[in-house]
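Below is one structure; the comments refer to it alone.
Throughout, a chain's letter reflects where its sequence line sits, starting with A, and its residues are numbered from 1. Just the heavy atoms: all of them, side chains too, but no hydrogens, waters or symmetry mates, feed the values below.
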2 protein chains.
Amino acid sequence: MRARTTIKDVAEAAGVGVATVSRVLSGGSASPQTRERVLAAAAQLDYRPSALGRNLRRQRTGGIGLLVPDITDPFYARVADGVLACARAAGEPVIMGATGDDPESESEVIGMLLEQGVDRVVAVPSGATEPWAPAVRAGLTVVFAARHAVGFDDIPAVMADERSGIRTAVEYLVGLGHRRIAHLGGHGQGQRTAAFRDTLTALGLPVDEELIVFGRPARDSAYAAASGLFQNRPDLTAVIAGSNLLGEAAVLAAHELDLRVPRDVSLIMFDDVPWAELCAPPLTVIAPPARDIGYRAAELVLRTPPGRGRGGRSRPVKMPTELIVRGSCGPGRQRGATRRS
Amino acid sequence: MRARTTIKDVAEAAGVGVATVSRVLSGGSASPQTRERVLAAAAQLDYRPSALGRNLRRQRTGGIGLLVPDITDPFYARVADGVLACARAAGEPVIMGATGDDPESESEVIGMLLEQGVDRVVAVPSGATEPWAPAVRAGLTVVFAARHAVGFDDIPAVMADERSGIRTAVEYLVGLGHRRIAHLGGHGQGQRTAAFRDTLTALGLPVDEELIVFGRPARDSAYAAASGLFQNRPDLTAVIAGSNLLGEAAVLAAHELDLRVPRDVSLIMFDDVPWAELCAPPLTVIAPPARDIGYRAAELVLRTPPGRGRGGRSRPVKMPTELIVRGSCGPGRQRGATRRS
DNA sequence: CTGAAAGCGCTAACAC
DNA sequence: GTGTTAGCGCTTTCAG
C-alpha cells in the first residue's frame, strides 16, 4: 500500500550513497562495515530491488518467455513444468503464452514478449516461419522445444529422439508378427512419420501410404482420423498414435467400433500419461522425457549468451525415449480376414 | 540485433517531439496530419513501445501473476488456460509460477512477482497465511482461484460450488441405495469434506468418520489413502474422490484389489478429465468449470482497481458444477457381506 | 572504498 | 496542438 521501498530509502537509512547499496546488494566490493550497515538497513526496510529499474538500465530482463500450443495437453504441461523448474532455479521469471498452434496467435504472443523486453524464449513452434521474423530481428535468444521448424537450422532445439523411439516401437510390433501397421500422425510430427516409413523400409516391409493418416490437434479431428482409419482399413493389425491426443482418440474409436485391444488391434501411443496405466488394457507407450526436454531447453536458453542469435546451425539435442510395454499389444494376426468371415 | 527502436527514433523520423509520439500511440489528441506522420514512421521503423520504460514510469506493470500448485495437474492446467485466455484478451502478460502447494515455495514465487513489479495475481493458494503477508503489504491485488484460504476473507475468490456438487453426488449415490459412502479428500478441500458430512446428516444418515480419509497431493500418498480405505473398510459400497489424482488412485487401487467398478464399488470423481471417458467403465464425475474459474478470476483481478487491497470482505464467487453420469455407479449392495461369505 | 551523476524508454506536467 | 522537461529505480562510469 505505502510507496515501495527504493534503493534511495535504503541508502539514506544506511547513511551511504545509492551506488554503494547497489554494489553491496549485487555482491560488489565494500568494506565489511559498510556492507553490514547496508544489509541491516535493507533487511529492516524489507527492501526488494525493483526488476523494472534494473532491467531498464541493463537493457535486458533475464526473464524467459514460454510458448506452448496448449497448456492443457499433458505433454506440453510437462514441458512447461520443466521450464518453470529450471527458471525457478535460476531465479528468473517466466512469461507464458498459449499459441493454439496458430501462427497468427503465435505472432501476437511473440509481439507481446518483445514489448515486455523479454530476451529469451523457449517455444514449441507452430511451424510457420513468419511469426519468428520479428523475434530474430530483435535478436532475442530462442530455443525450440519438443519440435523443430524447417528453415530454422540456426535455432537450437531440444526434442525427443523420435526416430529411435518410433523405430523401437515398429520393430517391437513387427517382432510380434504385425505387418499392417498404421501411423496416426499429428501436427509438427514430420520426423515421426519419416522414421515410421524408414523403419518399415529398413525392415524390408512395404509402406502402405493409406495407413499413414493425420489429425489436427483437436479432439474431434483426432477422433475422425482414428475412426476413419479403422473403418477404411479393417485389415490393419496395429496402430501407432503420434500423441496422447491421438492415442486417446484411437482408444475411443476402437471401443466405439467394438475392436478389442489387443485382440483385434494392437496400440502404441507416443507419450506416456497417467491414464495410460488406467486403461483397460493399460497402454504400451513410447515415453518421451517431456519434463526434461523443457528443463534442458530452459538451461540452454539461459546459457546462450545474448548476442548469439543467428549464426552456426546447431544440431538439435535429442533426448532418449523409452518403450514402456504394458498390455495393449498382442501377436499380429489377420484381423481383416477374421472379421470378414 | 541492432539496437531497439525507441520512441526517440520515431519522433525524429516523424519530425515531431517524443511526447507527441507517445500521445498518438496511446490514443491522445493530435492533428490528423501529425497522427498520420507518426503512425507512418512507427510502422516504417517497426516500433514497439517498451513495456519496461512505460511500467517504470507508470509504476505498475499491468501484468498478471499466476500461481498454481502444479501445472501438470489437468485441473490446474485448465484454470491456467482460462487465465491465459483472459489475459490475452486484455493484452496483458502472465508471469507464471508453480508452488507445489508448499508455503515456502509459494513465498519465493510471491517474492519474485513483487520484485518484477507485478501488481495483480491470480493464485490457487497453498493455504498458509504467511506467504501472502508481503503481497498484501505491498498492496497488490490478489484473487484466489479454485480454493479459498482461511483468514483471507477480504481476498476475493472464484471457485466451484463444491457444496452443491458434493451434495448432488451424495444424493445420487444414496438414491442408488448406497449407505456406506467414503470420501477421499485432498489438500485444501475442507469445503468438500464439510459438504459431504452435511449432506449425509441432512439425509438422516450417520457420518462414519473412518470413511473420511485424506491423501496428500502426490500419487503415492493418494494411492495409499485409496488402497488403505478399501482394505480397512470392505463394507463400503461407494467412494467419492475429491480430485482427479485421488480418482486415479481409487481406480488403480480398486483394480489392484480386484474390486469391480461398479459391481463391488461405485465411484464418483470430483473433476472431469479426458481419461474419465476412456476408463472401463467410464467414470461418473462432478465436473467443475475449471477453465471458467480461471477466466473469471483473471477478469476479476483485472477489473479490481489497484488500491483496493484490504477492505470489505467479499463472498467467494461460486461456479456451478455438473454431475456427469457415466458408468461407474451401480446400485448399493452389501459389499462387505458378500465378500465375507 | 565510496559518492555524484548520467541515463535506460517512457509518460505526464507544464509551457508555448 | 505540440514540444520541453522531469523523473520512475536502478547500474555504472568516473572522480575523489
Side-chain angles (χ1 to χ4, degrees), chain A residues 2-39 41-42 45-63 93 113-119 138-139 306, chain B residues 2-39 41-42 45-63 93 113-119 138-139 306:
Chain A
R2 43 166 234 297
R4 204 189 153 100
T5 310
T6 77
I7 198 174
K8 213 171 151 193
D9 301 323
V10 179
E12 275 173 20
V16 299
V18 290
T20 303
V21 176
S22 176
R23 256 183 248 114
V24 169
L25 263 35
S26 38
S29 62
S31 79
Q33 226 201 61
T34 313
R35 149 168 279 112
E36 192 59 34
R37 289 232 307 283
V38 170
L39 257 24
L45 296 174
D46 189 30
Y47 171 64
R48 285 170 201 283
S50 156
L52 253 51
R54 176 178 38 233
N55 292 342
L56 180 57
R57 172 65 226 235
R58 309 220 305 217
Q59 290 295 76
R60 60 202 180 77
T61 62
L113 293 178
L114 252 23
E115 206 157 298
Q116 294 302 317
V118 164
D119 41 22
Chain B
R2 45 165 233 296
R4 203 192 156 99
T5 309
T6 77
I7 198 174
K8 213 172 152 192
D9 301 323
V10 179
E12 274 173 20
V16 299
V18 291
T20 304
V21 176
S22 176
R23 258 184 245 115
V24 168
L25 263 35
S26 38
S29 63
S31 80
Q33 228 203 59
T34 314
R35 149 169 278 109
E36 192 59 34
R37 290 231 308 283
V38 170
L39 256 24
L45 297 174
D46 190 30
Y47 170 63
R48 283 170 203 282
S50 155
L52 253 50
R54 178 178 35 234
N55 292 342
L56 180 55
R57 173 63 226 234
R58 309 221 307 219
Q59 291 294 78
R60 59 203 181 77
T61 62
L113 292 178
L114 252 24
E115 207 157 295
Q116 294 301 319
V118 165
D119 40 24

Among C:dC10, D:dT2, D:dT4, the one nearest any side-chain atom of B:Val18 is D:dT4
Options C:dC1, D:dG3, D:dC10, nucleotide nearest the side-chain atoms of A:Ser29: C:dC1
Which donor-acceptor pairs under 3.5 Å do side chains of residues 18-26 of chain A form with protein atoms, sequence neighbours excluded?
unit_1: A:Ser26; atom_1: OG; unit_2: A:Ser22; atom_2: O; d: 2.5

Contact summary for [X] and [Y], nearest pair of heavy atoms:
X	Y	answer
A:Arg37	A:Val16	NH2-CG1, 3.9 Å
A:Thr6	A:Tyr47	C-CE1, 3.5 Å
A:Ala30	A:Arg35	O-NH1, 3.7 Å
B:Asp9	B:Arg4	OD2-O, 3.9 Å
B:Ala41	B:Ala14	CB-CB, 3.9 Å

Are [X] and [N] close enough that a side-chain N or O sits under 4.0 Å from OP1 or OP2?
X	N	value
A:Ser22	D:dT12	no
A:Ser50	D:dC10	no
A:Ser31	C:dT2	yes

Whole angstrom value for the distance that separates [atom2] of [N] from [atom1] of [X]:
X	N	atom1	atom2	result
B:Arg23	C:dG9	CZ	P	20 Å
A:Leu25	C:dT2	CG	P	14 Å
B:Lys8	D:dG3	NZ	P	15 Å
A:Arg4	D:dC8	CZ	P	14 Å
B:Leu45	C:dG9	CG	P	14 Å
A:Glu115	C:dC10	CD	C1'	12 Å
B:Asp119	D:dG9	CG	C1'	16 Å
B:Leu114	D:dG9	CG	C1'	15 Å

Would you mind classifying the nucleic acid contact of [X] as base, sugar-phosphate or nothing, using non-hydrogen atoms under 4.0 angstrom?
X	value
A:Ala19	base
A:Thr34	sugar-phosphate
B:Gly117	nothing

Approximate separation, where rounding is to 0.5 Å, of B:Arg58 CZ and B:Asp119 CG: 10.5 Å
Among residues 51-59 of chain B, which ones have heavy-atom contacts with DNA chain D below 4.0 Å? B:Leu56, B:Arg57, B:Gln59
